[in-house]
Structures are given as structure tokens and as C-alpha cells.
Amino acid sequence: MIVEIRGLTVRYGPEGSGVRAVDHVSLDVDEGILYGIVGESGSGKSTIAMAMMGLLPHGASVEGGSISIDGFEVTGRKESQLASFRGRTASLVFQGAMNNLNPLMRIEDQVAETLLLHRMCGRKEALERARRSLELVGLGKQVWRLYPHELSGGMKQRAMIAAAVVAEPRVLIADEPTTALDVITQVQIVNLLRQLREKLGMTVILISHDFPLVSEASDRICILYGGKVCEVGSNSHIVRKPLHPYTAGLLNSVVSLRERREIMTIPGEPVDLSRPPKGCRFMPRCGSAMEKCSLYAYDSYSPEPGRLVYCEMYSGPDGNTEA
Amino acid sequence: MRGTGLFIEFLHNRKGAAGLAIVAAFTFMALFAPFISPYNPTSTNPQAFLLPPSPSHPFGTDNLGQDLLSRDLYGAQISLIVGLAAAGVAVAIGLVTGLVSGYFGGLVDEVIMRIVDFFIVIPALVIMIVVAALLGPGLLNVIAVIGFLSWAPVARIIRSMVLSLRERPFVESARANNGGSLYIMFRHIFPNVSSVLYGNAMLAVSSAIFTQAALVFLGVGNVTSISWGGIIREAYTTGALTAGDMAWVVPPGIFIFTLIFGFILIGYAVEEIMNPRLRGGGSG
Amino acid sequence: MGWAGYLLKRVAFAAVSIFAIVTFDFFLFRLMPGNPIQILYRSPALSPAQITSLKSQFGLNLPLYQQYLLFIRNSFTGNFGISINYLQPVSQVLFPAILNSLVLLIPANILAILLGVFAGRYAAWKRGGAADGIITGSSMALFSIPTFWLGGILILVAIFTGTLPVSGMYTLGAAYPSPLARFSDLLSHLILPLITLTLVLFGQYAVIMRNSLIDVLSEDYIIFARSKGARDAYVMRKHAMPNASLPMISIIAVNLGNTFAGAILTEVVFSWPGIGYLIYESILARDYPVLQAAFLIVAIAIVAANVCADLLYSLIDPRVRYS
Amino acid sequence: MEILKLENLEKHFEVHSRSRVRRNLIRAVDGVSLAIPEGEIHSIVGESGSGKTTLGRMVAGLLEPTSGSVVLGGVDMFRSGRGEIRNLRKSIQIIFQDPYASLNPRFTVRQILEEPLRLNRLPVQEGDLLDTLRQVGLTPPEDFTGRYPHELSGGQRQRVAIARAMIVRPRFIVADEPVSMLDASMRGSFLQLILSLRKRDGITMMMITHDISIAHYVSDRISIFYRGKVVEQGRADDVVLNPAHPYTRALIESVPSFSRGDSEGSRHPEVPSDVPDPATGCMFRNRCPKAMVACEAVPGATEIAPAHFVSCHLYGGTGVK
């Protein structure tokens with residue numbers, strides 16, 4: 001287990017009031033796999049990514065729980081300890097918006113910076129390794145000495161990945177790495193992440209709202225809704241036989257190119273985190289909701305080996321309650 | 001509905017509430033100066049000149065025997081009149097040019113913006129001194145001089161907002177439905193720039209108050225009316241300052257400072273509510 | 001090529017501005033009520049011979065447009081006529097005043113920018129905290145203080161303590177045993193106006209620095225730099241400050257006109273014989289030739305400073321330099 | 001009978017990059033001709049920068065074309081009398097991508113819906129207003145009329161935007177990426193809303209999207225757009241199931257699906273992404289795995305199957321220009 005998250009709770013806003021964007025989330029990620037996290041807006045997926053890096057924004061704080069990455073406990077650390085962890089043990093790639101690279105620095109310098117920050121080598125060698133890393137992500141010589149504004153969105157995203165992996169971290173967290181990129185580039189970036197995992201022996205956590213894209217790449221998948229985990233399982237299990245009604249709804253609402261079927265949609269509006277419903281958060285939109293769902297305390301059940309689901313439907317005699 | 005919500009947020013903003021309280025206090029002072037002043041501010045008394053502070057003259061008297069407290073209270077009138085009126089002129093010109101420049105774009109925009117650049121770069125106070133000196137004393141002259149030389153920053157800010165607003169889909173939708181330029185400007189663009197306009201108007205008032213005081217201090221502008229800048233100038237020219245007459249010099253300066261600060265606080269509070277990033281904390 | 005084009009454009013704008021300033025200057029003094037320039041040369045202070053010579057030099061009997069052309073030519077050759085207050089050529093009055101102003105303005109600006117950058121940076125770093133509140137609050141208070149009154153208060157303090165001279169650049173009628181003694185006399189005269197002007201300018205620089213830093217600190221590349229393992233101080237120095245300095249440079253340049261307003265008032269309060277004080281005296285004496293020339297010089301200096309700022313900006317920002 | 005006809009529509013922008021003296025000409029829309037019959041949904045599929053949004057803005061009358069014409073019901077949008085153009089503008093409505101920017105934050109839902117009626121001098125009737133809200137699924141409508149946009153969710157805002165378009169009973173709707181900013185769980189119901197409105201009111205629509213799956217799901221015909229040109233056009237099934245142009249193929253190969261759950265390995269479209277555009281000829285040739293000498297000429301359109309057109313030299317597209 002390279003990543004272990006236990007009961008993570010993150011609050012935005014002041015104590016007592018505020019909004020719990022992530023509420024008692026537990027995750028386990030095996031070493032070397034590509035682990036996908038799927039969630040729509042407001043699911044808390046980006047907050048989990050930032051919490052794993054110890055980079056929660058001003059106003060957000062970890063209210064409880066723990067995050068352990070390669071044996072390093074992230075929560076409750078001092079800034080200096082986090083700094084030596086970031087970029088080396090775990091690194092982050094996020095949405096390729098306009099400004100993820102410093103506009104005043106050359107590409108190769110921004111990649112080499114990771115090595116220099118950790119004093120892993122001298123300037124000359126750092127540049128050398130930065131260039132190798134850029135080549136690894138598919139950016140050739142002609143790009144090395146350019147500035148970010150001279151690159152396309154896809155190239156900037158590759159450069160960001162190069163800077164994230166140059167120090168060969170154990171875990172790469174990719175938060176919406178393909179959003180705002182063109183369709184063809186999206187697949188290429190996801191493929192790149194898979195190749196890098198093999199070449200560098202990293203664990204990759206791919207976080208996205210795009211269920212098919214995550215499914216295309218991942219070994220295991222975790223589905224989030226409203227700051228809570230819905231279910232966790234292997235990619236093929238989840239896609240072929242979803243357990244949680246939300247997962248099923250999500251699968252059915254995806255427009256498929258190859259089979260022209262009627263899409264089903266999830267009724268209702270997304271959960272309002274400032275006023276979450278009692279019990280199961282998905283209940284107001286759930287077709288299988290029962291009376292006891294409003295009392296649901298988010299116990300996890302494991303109706304099949306290797307799978308976990310957070311839903312009262314599985315609380316019957318077959319479901320084994322886990323602590 | 002949205003408007004009252006913002007006003008409540010404004011009152012909850014510490015800067016905003018403090019600024020509002022300050023401005024309200026001075027407005028009261030200006031309006032009720034005739035009732036709260038112990039003396040007629042212009043009645044001279046040859047027997048009671050250059051008196052030190054005393055219970056009957058809390059700030060003493062000047063070289064003509066005029067009661068300084070009364071003069072300081074009356075001074076609020078000119079500062080507020082000039083500040084509000086000159087800022088009004090500046091904001092009106094800036095708003096119209098900014099709206100026209102941003103909305104129509106092209107050559108009109110290019111020409112207006114070069115003029116704006118010119119007015120921003122040139123040393124406005126020097127021109128104001130010269131023009132005010134040439135025009136001679138008079139309240140309207142001062143208002144005009146300050147107003148006509150302070151509109152450029154407002155125009156620039158309004159224009160940049162209009163540039164982004166006119167591309168918004170809701171504006172395009174109105175255009176696609178045969179909405180004319182005037183309709184779009186008044187119905188869609190103006191209401192959405194007004195919030196920024198309020199903040200900048202407050203800053204314009206504060207700088208107009210400052211400029212009026214500075215002009216009078218330099219001996220140009222409406223030197224004949226009772227104003228804080230004038231009281232300080234008299235302290236200098238009569239030698240009261242070098243004689244160490246604190247009661248003559250200190251109060252009018254504190255009044256100018258406080259009033260300006262009040263308007264600046266309001267301006268910043270409005271800006272903070274509009275641009276939550278500046279608040280510090282929050283989501284950073 | 002791109003860079004040269006950019007600079008060319010800026011210089012062209014500066015040239016047009018200077019031309020506009022000359023034109024404005026000409027008409028300001030001729031079209032105002034009473035045509036001050038015409039009145040001027042009926043001044044009893046000048047001898048009839050001087051008046052005749054001036055009239056031909058400035059073509060006062062010629063049509064307006066020819067006067068205008070002459071004025072442009074005279075402005076470029078530095079022929080501004082004769083001061084009716086000093087009865088000397090304007091350029092001879094102006095030149096020492098410019099030097100004296102620089103003695104005050106340059107150190108005051110450098111100090112104010114250094115202090116402002118330092119304070120603004122600290123406030124942005126601790127944003128939302130007590131230090132931020134104190135710095136922001138006192139900065140706003142400082143630029144609410146009327147310059148001439150602040151100077152007056154300092155004069156009061158100096159008089160009560162009897163420590164520092166409060167007027168002029170040198171002690172009147174002093175005979176100096178050595179250049180060093182002369183210099184220290186200058187320094188003692190400089191202290192009060194320098195403090196006044198620095199304090200007045202400091203506030204705006206601090207607020208501008210703080211706000212542009214806070215804008216920059218929420219950019220994605222700052223988060224990315226931290227995710228690579230950069231510590232706060234490094235992020236501030238290497239990523240935030242260079243990017244925040246760009247708006248700072250533009251704003252400082254654009255504000256030079258206002259800066260000069262503070263200089264006039266300071267010079268008047270302390271009778272510092274610079275160009276601001278000269279303008280003040282000329283207003284009192286209705287010495288229009290000096291006013292006309294002083295305005296021209298100040299405006300041109302500010303335009304020139306703006307060109308320098310553009311150059312500096314382009315040196316820092318690659319987006320201007322390339323394509 | 002076609003309702004909308006685009007004839008050789010072009011829009012070129014002059015770009016002065018702020019430093020360069022030389023001016024670049026961007027051919028955002030470069031000779032587009034197409035016809036949309038009444039009651040059809042026609043999708044324009046392309047990546048960002050393909051010019052698809054520029055095309056939509058011209059069709060909605062927001063942007064004047066450099067050349068060519070937009071004709072709706074026989075009336076030329078840019079070369080007719082004022083009155084006719086006013087009428088035409090009323091008949092074409094547009095729905096925008098960003099539900100947060102497409103509604104004026106200072107208008108209530110009622111004001112938003114009344115605006116197109118008032119501007120087009122149509123009667124404002126309470127019943128119409130409530131009916132339209134009901135049609136787009138905002139029920140009960142009385143709950144929504146007084147709300148401001150910030151009191152609505154993204155999906156609800158987009159429904160208000162569609163209600164604003166529907167309320168004047170347009171003959172034609174341009175929808176520019178109407179679902180791309182909605183969550184997946186909201187997207188489906190929105191697409192179904194479009195389909196149901198078409199079924200009931202028979203509206204004709206041009207939908208602009210980057211997502212070929214969505215285009216396939218809702219539309220009758222698809223045009224694949226690349227650098228201002230239509231490279232492939234045909235019935236939705238024909239284009240998706242038998243793609244001909246190498247770009248269309250790459251696009252379809254790039255669509256992720258759940259099939260990897262059955263572990264067949266991922267597909268790799270052999271199309272590089274970050275290659276500069278050629279100055280002449282087929283704009284795709286620098287990325288095309290099948291590029292050949294002929295591609296230096298601009299390919300013309302070939303009908304490879306009934307009503308299925310491809311502009312590619314692989315299919316004998318004769319060079320023009």
C-alpha cells in the first residue's frame with residue numbers, strides 16, 4: 001500500500017460553520033498501479049489531490065483523518081517537511097489552464113527546478129536530466145529553451161508532466177490533466193501517463209470528471225459523490241457491474257459513440273454541500289432509495305472480494321460490514 | 001435584491017462601515033456648521049487675535065481674531081462640495097468616454113485611449129495650478145479644473161470592464177435579438193460596471209478633496225472661502241507655524257486626512273467586495 | 001524584430017505625446033482668458049529693448065499658427081524667453097532648479113520604492129493577518145495625509161526640538177570650511193523634505209505591491225512551484241516577485257505625474273529651491289515664461305521615464321520580447 | 001426543404017500580434033457551404049481553434065462574414081432590407097457554452113425571458129413565459145421567475161438559456177457547445193430536452209461541439225470541421241461508423257470508452273498534436289499519417305457514398321486553387 005488515506009475530512013471556511021468538501025474518505029492505493037478517481041464538480045476530488053500534496057488553499061483545513069504516502073504522514077506536517085516531500089515522493093499535475101507554468105522562465109529551467117530544489121544534483125546535470133525528461137514526455141530540442149507562451153496547451157501540459165516526474169517521484173497525482181485539451185491530445189496525455197508509470201515504476205493517481213477517460217487508463221477506480229466515496233473496485237468490475245446506484249447512473253448517462261443507446265439520466269440537482277441531506281448524500285436523487293437510507297452512517301460493505309461499496313442496499317446478510 | 005445584499009455585505013466590511021461613519025460625521029459637520037459653531041467664522045475681533053486655546057476658543061484665534069474652531073467646522077463645507085462635485089464631473093466624463101471607447105472600439109477607442117494615456121501621464125497638479133491661477137479664484141473654477149483633469153483613470157477602468165462585458169454571451173444574445181447599442185449599454189453594460197464605478201468614484205472624491213486643499217495651500221483656487229487648506233496656508237504665511245501654533249495647524253490637517261481616509265476606506269471596501277481575492281484569507 | 005517593433009511603438013507614442021504636450025503648453029498660455037503672454041510682454045519690469053527683441057523672437061505680432069511653429073522651434077532649441085521675475089533667460093533659472101529637485105526626488109523615490117516593496121511583500125505574505133492589516137491600514141492612512149500638512153507637522157517637531165533646519169537647501173550666508181561641511185549642511189536640510197516625500201510615496205507603493213503580489217500568488221504556477229517542493233521564501237523570490245514586479249513597473253511609471261505633485265508640495269513647504277518651488281514662485285509672480293517651460297520639462301521628463309519603464313518591462317517579460 | 005443555407009462562407013481575421021509589424025491572416029472560416037433542412041439537427045464537430053464558434057456567430061448574425069452568405073428561409077442575413085434582417089434575427093436564436101456568462105447577473109429569470117420578446121416587439125404573456133419554463137423542465141415555473149442566475153445551478157441556468165431561445169418561437173437555433181460545461185449526470189437530461197423539443201416543435205438546429213459522441217447522439221447530420229473547413233460531412237451514422245477522412249478517424253479513435261474494462265488495450269491515434277499548420281494545401285497534412293505529394297493542393301469534396309462527402313486526396317478529391 002503506497003497511499004493510505006484514512007477518514008480524511010477537509011473543511012472550507014471557519015470551524016463550526018463552513019463546508020465539508022471531503023467527509024471521512026478512506027482510500028488505499030497499491031504500489032505501481034494506475035488508480036482512477038472519478039467525480040463531478042463538488043465531489044471533493046481536487047480537494048483530495050491538494051490534501052495529498054499538503055497544498056490545501058487558504059481557508060481549507062484538514063479536520064480529521066490521515067494521509068500516508070510512501071510511509072510519509074502528510075497531515076499535520078510543518079511546511080519545510082512538506083517541501084522536501086513534494087516533487088520527490090509525490091508530485092502533482094493539474095488542469096492545463098493558461099497559467100500553470102511561470103511565464104517568465106524558460107521551459108527547461110522550470111523542469112530542472114524540481115531537481116535543484118531538492119539539491120539532487122548540480123545545475124549542469126539538472127539541466128541535462130530536465131532535457132531527458134522533456135524528451136521522455138515527447139518535447140524535443142526545439143522546445144527546451146522556449147517560454148510558456150510559445151507553447152500550445154498540450155505542450156504545456158507535457159512540460160508540466162516532465163517537471164513533475166523529473167525527480168522520479170513514487171507517486172504522481174494527476175488532477176484533471178486533460179481538461180481543456182483537444183480530444184486527440186487528451187488520449188495522448190493519458191497514454192503518456194501510462195507509459196511513464198511503466199518506465200519510471202511510479203504509482204499514478206488519475207483524477208477526472210471524465211469517467212470513460214479514467215476507465216480507459218486505470219486499474220482500479222474510486223467513485224466520489226458529494227465529498228464521500230461511493231464505491232471502489234477494479235476497473236472492469238465497476239464498469240461491467242456497478243454496485244452503487246450513482247455509479248450505475250453515471251455509466252448510463254455517458255453518451256457512447258459505438259453503441260447508440262438511450263441515455264438514462266440522474267434526476268435532480270447535485271448535492272448542496274452547505275446543506276447536505278441526512279444519511280446518504282445521493283439519496284434525494286437515487287431510484288433505489290429506502291427509508292433507512294436517511295439514517296445511513298456511511299458504513300462500507302464488501303459484497304464481492306476486492307470491492308467496497310458505501311450503500312445501504314448492501315447491508316443485507318451478504319454484505320460484510322467493514323470497520 | 002442583489003443590491004441590498006451587497007449593501008449588507010458592505011456594512012459588515014469593517015473598512016466600509018468605518019468609512020461610512022467618518023463621511024457621515026463630516027457631512028453632519030458641514031450641514032450643521034452654522035448651528036454648532038460657537039462664533040461666526042468670519043467675524044474678526046481685533047481684541048482677541050492669536051489667542052491660545054482656551055475654553056471660549058478651544059483652538060484659539062487667528063491673527064485677525066477669528067475663532068479657529070468655527071473656521072475648522074465650516075471648512076468641511078468646501079471640502080465636501082468640491083470633492084463631490086469635482087469627482088462627479090470626473091466620473092461623468094470618465095464613464096461616458098470609457099463606455100463609448102470600450103463599446104464601439106476601433107478607431108474611436110484608439111483615439112480616446114491615446115487621449116486618456118496623455119492625461120494620465122502628464123503632471124496634472126502643475127496644469128491645475130496654472131489653469132486655476134489663470135482662471136482666478138472661484139468655486140466653480142476649482143471644481144471644473146479638478147474635474148476636467150481627473151477623469152482619465154475612471155475612463156480607463158470603465159473601458160477595460162466594458163471590453164470584457166461586451167463579449168459576454170448575455171450581451172451577444174441581446175444583440176442577436178435586435179438589441180440596439182444604446183439599449184445594450186444602458187440595460188446590460190452600465191448596471192454591470194456600476195459597482196466598480198462606485199468604488200472608483202469614492203477614490204475620485206478623496207483625491208479631489210486632497211487636490212482642492214493643495215491648490216488653496218499653494219495660493220490658487222478658491223482662496224477666499226473658508227477651507228482647511230486655506231487655514232493651513234494662513235498658518236504658514238502668518239508665521240504661526242514657525243511660531244509653533246499647533247492649535248492652528250493641526251486640526252484642519254487632521255480633518256482633511258480623516259475625511260480623505262473615510263472616502264478611501266469606502267472605496268476599498270467596495271473594491272474588496274467586488275474582488276474577493278484582495279481580502280486576504282478566503283480562497284487563495 | 002518583435003522587441004524592436006514594440007520599443008519603436010512605445011517611442012513613437014512618446015514622441016506624439018511630447019508633441020501634444022508642446023501644443024497644449026502653447027495654447028494653454030495663449031487661449032486662456034486675457035491672453036497672459038500678450039499681457040506679459042507689456043510688463044513694466046522689462047526694458048523696451050528686451051520687449052522688442054522678445055516680440056520678434058516669439059513672433060508675437062505674427063498670426064497664431066506662425067507663433068505656434070516658432071514656439072515649437074524655440075522649445076526644441078531650449079529658448080524659452082526671459083523670466084520676468086528673475087530677469088534672466090528661463091533656461092538659466094530652470095537648470096539649477098531641475099538639479100536641486102533631483103537631489104530630493106531620486107533618493108525619496110528609491111527609498112519609497114524599496115520600503116514599499118518590502119512592506120507590500122510582507123503584507124502579501126501574511127495576508128489576512130495582523131501585519132497585513134497594519135501595513136495596509138497605515139499605507140492607506142499615509143496617502144490620505146495632505147503632503148503640505150505632514151511637512152508642517154515635521155516642521156513643528158523640528159522647531160520644538162530645535163534639531164534640524166526647516167527651510168532651503170543650505171544655511172543662508174554660511175561659509176563652509178570644507179566641501180564636506182557643505183555637504184553635511186545639505187544633508188541636514190535634506191532630511192525633513194526627504195522624510196515627507198518618502199512617507200507620502202511609500203503608502204501607494206506598498207499597496208500596489210501587496211495587491212499585485214496577492215494576484216500573482218493565486219496563479220496556478222505558484223501552486224505548481226510549491227508542488228515541486230519549493231518553500232515559501234523561494235516561491236516568493238523566484239516566482240511571485242518577478243511576476244508581480246511587472247504591474248508594479250507600469251503603475252510606478254504611470255503614477256509619476258502624481259509623484260511629482262507630492263514633490264511640488266514638499267518643495268513649497270520646505271522652500272526647497274527645486275522646480276516645484278520655482279513653479280510656485282512663478283505662479284505668485286505671474287512669471288508665465290518660466291511656468292510654460294517648467295511644465296514642458298516636467299511633462300517631457302515623465303514621458304521619458306515611461307519609455308524607460310517600457311524598456312525595463314520588456315527586459316523582464318519574454319512575452320513582449322518574442323513574437 | 002432546407003431552411004438554412006451557407007454559401008461559401010468565409011471569415012478572415014487580421015491578427016497584429018502586439019509586437020510584430022507583419023500582419024497575419026487567420027482564416028477562421030474558410031469557404032463553408034452547407035444546407036440544413038427543416039427539422040434537422042446538424043452538428044459541427046471540431047477542436048478548439050477550428051473556427052466552429054466563429055461559424056456559429058456568423059450564423060446567429062453576430063459577426064459579419066468576409067465573404068459568402070447566410071440565407072435563412074430565402075432571406076440573406078447580411079444583404080437584405082433592415083426590416084427583413086430584424087425579422088430574421090428574431091427567427092434565429094443562439095445558446096452559448098458558458099451557463100455562468102450567458103445570463104446577465106442583474107436580471108431575474110423573468111427579465112431574461114422577457115428581453116427577447118420586448119426587443120423583437122412581441123407580446124409578453126405570462127402564460128407563455130410559464131409554459132416555456134415548464135417545457136425546459138424548470139417546474140414549478142413560478143418558483144423560478146423571480147430568481148437571479150446566481151441562485152440557480154449550472155444545469156438550471158442552461159435551461160433558462162434554452163428557454164430564452166425558445167420563447168420567441170424561432171425557426172432556427174444555434175447551440176454553441178451547450179453541454180460542455182455541465183456535469184455528466186446533467187448532460188444527458190439536457191440532450192434529451194433538446195431531442196424532445198425537436199420532436200414536439202420541430203425546431204431546426206445547428207449544434208457546435210467538440211464531442212463527436214454527443215454529435216452522434218443528437219444529430220441527423222454531422223460536419224467535421226478542421227481549420228475553418230468542412231473536411232467530412234454526412235449522415236451521423238455514416239460519419240461515425242464509416243469515417244473516411246484521416247482526421248475524422250483520429251477523432252473517433254480518440255474517444256475514450258469503457259471497453260478497456262474488457263482489457264483490449266488502449267488505442268493510439270497516430271496523429272501528432274503539436275505540429276505547425278502548413279501554409280498551403282490540405283491543412284491536416286502535417287499531422288496526417290497518410291499524407292502524400294498530392295496533399296500540397298487543397299482537396300475538393302468527393303461524394304464517397306450517397307450524401308457522404310469527404311475533402312481528402314485519398315478519395316480522389318481533385319485539387320483546387
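In this text, all values refer to a predicted model and were calculated from it rather than measured experimentally. Per chain, numbering begins at 1; letters A, B, ... match sequence-line order.
The neighbour count for B:R14 CZ, taken as heavy atoms of other residues, nucleotides or ligands under 6.0 Å away, does not exceed 12. Heavy atoms from other residues, nucleotides or ligands lying under 6.0 Å from CZ of B:R114 number more than 12. Sparse packing is recorded around OH of B:Y198, with 12 or fewer heavy atoms of other residues, nucleotides or ligands lying under 6.0 Å away.
Only the backbone of D:L103 comes within less than 4.5 Å of a heavy atom of chain B; no side-chain atom from C-beta onward does. Neither the backbone nor the side chain of D:R118 has a heavy atom closer than 4.5 Å to any heavy atom of chain B. The contact between D:R57 and chain B is made entirely by side chain atoms (from C-beta outward), counting heavy-atom distances below 4.5 Å.
Considering only heavy atoms from C-beta on, D:L62 comes within 4.5 Å of B:R175 through its side chain. Proximity of D:R106 to B:R187: side-chain heavy atoms (C-beta onward) are nowhere separated by under 4.5 Å.
Once rounded to the nearest 0.5 Å, the distance linking CD1 of B:I184 with CG of D:N104 reads 11.0 Å.
Residues of residues 87-96 of chain D lying within less than 4.5 angstrom of chain B, judged on heavy atoms, are D:R89, D:K90, D:Q93, D:I94, D:F96 in numerical order. The contact list for residues 145-170 of chain B toward chain D, using heavy atoms and a distance under 4.5 Å, reads B:R168, B:P169, B:F170 by residue number.
In this structure, the side chain of B:N178 does not engage the main chain of D:N120 through any donor-acceptor pair within 3.5 Å.
Of all heavy-atom pairs between D:L119 and B:A174, the closest is CD1-O, 3.7 Å.
Per-residue counts of heavy-atom pairs under 4.5 Å with chain B were compared for D:A161, D:P116, D:G61; the largest is that of D:P116. Most heavy-atom pairs under 4.5 Å with chain B, from the set D:Q97, D:R121, D:R164: that is D:R164.
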